[in-house]
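Here the structure is laid out as structure tokens; the discussion comes afterwards.
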Amino acid sequence: MTNLNHIIDQVVKDKGIDRAILVEALESAVLSAANKKYRNTRDLEAHFNEEVGEVELFEFVTVVEEVQDSYKEIDLEEAREIDPDVEVGDSLGMKLESDGFSRIAAQTAKQVIIQKVREAEREWIYNEFKDRQGELVNGIVRRYERGDLIVDLGRAEALLPHREQVPRETYRQGDRVRAYIADVKLSPKGPQIILSRTHPGMVIELFKVEVPEISEGLVEIKACAREPGSRAKIAVVSHDHDVDPVGACVGMRGSRVQNVVSELRGEKIDIIPWTPDIGRFACSAIAPAEVARVYVDSEAKELEIIVPDDQLSLAIGKKGQNVRLAARLIGWKIDIKSETRAAEAAEAAEAQELDPTEAEMEAESEFTVDARPELDAPQSEEGEPAAAEQGEEAAEAAPVAESGEPPEVDDQPQEDAEKP
């Protein structure tokens with residue numbers, strides 16, 4: 001029989017499979033072929049001999065005084081011709097020739113080896129990627145399957161589902177794609193690596209690549225809210241008094257944020273300084289609109305934000321996008337009201353001798369978004385059509401990071417937004 005050591009070493013090198021697993025596969029294949037040849041009438045074992053590089057097949061029989069089953073028993077006299085020290089009741093192993101199998105048995109052995117190698121590859125892929133969930137990977141588009149993309153990662157193939165693709169992004173076979181590993185799970189067909197380009201984590205990971213201060217721990221991204229392909233907001237905080245978190249993420253002349261925007265194919269990004277003061281954080285999150293007053297209900301996790309009349313459409317944003325992202329970023333319910341509506345409520349309250357502040361809070365909201373994490377209900381759509389019309393007028397006025405023009409860091413609007 002051919003020395004198998006060289007073949008095993010080559011397969012281990014090419015496939016990255018553990019040598020012990022491959023040796024076990026060979027032993028199982030030879031044993032399966034032998035059992036098929038002898039129709040499972042004998043007690044057989046297969047062992048790989050490292051020195052000679054071949055799988056040795058042994059038949060085991062029990063030593064008895066009177067033979068009842070000639071396939072599994074041997075009489076004492078015949079056994080002592082093989083081993084003089086054998087006694088009744090001992091198990092005697094005899095080496096068989098393992099190279100005389102039929103074509104069908106050899107084919108069975110081949111199928112067993114292929115199956116074992118495939119199982120080992122699947123296990124390797126799962127073990128390799130199960131701890132890489134949340135990382136960015138680069139791959140090449142291989143094909144489309146019912147709208148889903150099959151991406152070649154080198155040693156493995158991953159799935160980029162249609163629901164995880166950014167609208168208006170198109171790919172062709174052979175295109176390079178960078179994506180976020182959203183999940184790694186085992187399926188009946190083997191491990192499945194699920195990629196995403198819509199996950200908020202992709203924005204965070206891209207900034208980690210572009211901003212050294214984040215990877216070093218000097219700057220931290222506290223939260224991220226995103227509407228894929230359109231706009232995103234991230235909240236950043238610095239753990240070093242000498243490092244400006246917003247400036248570090250924007251980079252010189254917007255170079256760092258521009259690289260992220262380019263990878264996201266023009267998605268606008270607002271970088272907001274995070275603060276534990278929820279009122280100030282809300283003022284920053286609703287930027288570029290200015291805020292007149294903020295009422296905070298910590299127990300219910302609700303915010304009442306009152307803005308000047310000329311800032312209302314800017315605060316709501318196009319089709320409610322700005323306030324919707326702000327609510328997701330904070331994780332609280334946000335009600336937005338104009339000063340006029342709040343003042344009308346206050347005047348009515350004075351006529352009825354009620355508390356004007358309470359009247360402002362009870363005034364009908366111009367727009368409401370509920371992004372509290374503990375609530376599974378969808379966000380309120382009440383009042384959105386009107387807000388969408390107002391937002392259309394303000395869409396051009398929103399200074400956000402675009403792919404065509406590098407953003408600049410200007411703290412003045414944020415300071416104005418934080419005024420009580």
Side-chain angles (χ1 to χ4, degrees), residues 200 221-227 231-237 270 272-309 311-350 352 354-388 390-391 394 398 414 416-420:
I221 299 178
K222 298 289 287 186
C224 176
R226 183 182 179 200
E227 292 196 354
R231 191 174 180 185
K233 287 178 182 282
I234 63 170
V236 294
V237 65
D270 296 343
I272 298 161
W274 180 86
T275 172
D277 185 338
I278 195 66
R280 288 182 175 272
F281 184 31
C283 292
S284 300
I286 211 71
E290 297 179 2
V291 176
R293 292 180 296 282
V294 177
Y295 299 107
V296 179
D297 186 347
S298 299
E299 292 184 1
K301 289 191 174 183
E302 295 181 1
L303 292 170
E304 301 272 356
I305 298 179
I306 298 175
V307 298
D309 292 2
Q311 296 288 309
L312 180 61
S313 58
L314 195 60
I316 294 173
K318 185 177 181 180
K319 297 182 180 179
Q321 185 185 69
N322 190 54
V323 66
R324 190 162 55 244
L325 286 174
R328 292 179 191 169
L329 193 72
I330 300 170
W332 287 35
K333 179 181 177 180
I334 294 180
D335 292 336
I336 289 189
K337 303 169 184 175
S338 64
E339 282 190 320
T340 299
R341 182 161 295 182
E344 290 173 354
E347 290 176 1
E350 288 180 2
Q352 298 178 12
L354 298 176
D355 186 350
T357 300
E358 292 183 1
E360 282 188 0
M361 296 178 66
E362 293 297 327
E364 184 180 352
S365 300
E366 304 276 358
F367 198 89
T368 301
V369 176
D370 195 346
R372 290 172 292 187
E374 68 271 13
L375 296 179
D376 294 327
Q379 61 193 19
S380 172
E381 299 293 337
E382 183 178 352
E384 183 165 338
Q390 295 168 335
Q414 293 166 357
D416 293 342
E418 294 172 0
K419 291 179 182 178

Which heavy-atom pair separates [X] from [Y] by the least distance, and what is that distance?
X: F281; Y: P273; value: CD1-O, 4.0 Å
X: C224; Y: I234; value: SG-CG2, 3.7 Å
X: A315; Y: I286; value: O-CD1, 3.9 Å
X: K233; Y: A285; value: NZ-O, 3.0 Å
X: L314; Y: P288; value: CD2-O, 3.9 Å
X: E302; Y: W332; value: N-CE3, 3.5 Å

Spacing of [X] atom [atom1] and [Y] atom [atom2] [to the nearest 0.5 Å]:
X: L303; Y: K333; atom1: CG; atom2: NZ; result: 11.0 Å
X: E304; Y: I336; atom1: CD; atom2: CD1; result: 10.5 Å
X: C283; Y: I278; atom1: SG; atom2: CD1; result: 10.5 Å
X: I316; Y: I334; atom1: CD1; atom2: CD1; result: 11.5 Å

With heavy-atom distances below 4.5 Å as the criterion, would you say the side chains of [X] and [Y] are in contact?
X: R231; Y: N322; answer: yes
X: R324; Y: E227; answer: yes
X: E339; Y: R293; answer: yes
X: I306; Y: V291; answer: no

Checking Q311 side chain against E290 main chain: does a donor-acceptor pair fall under 3.5 Å?
yes
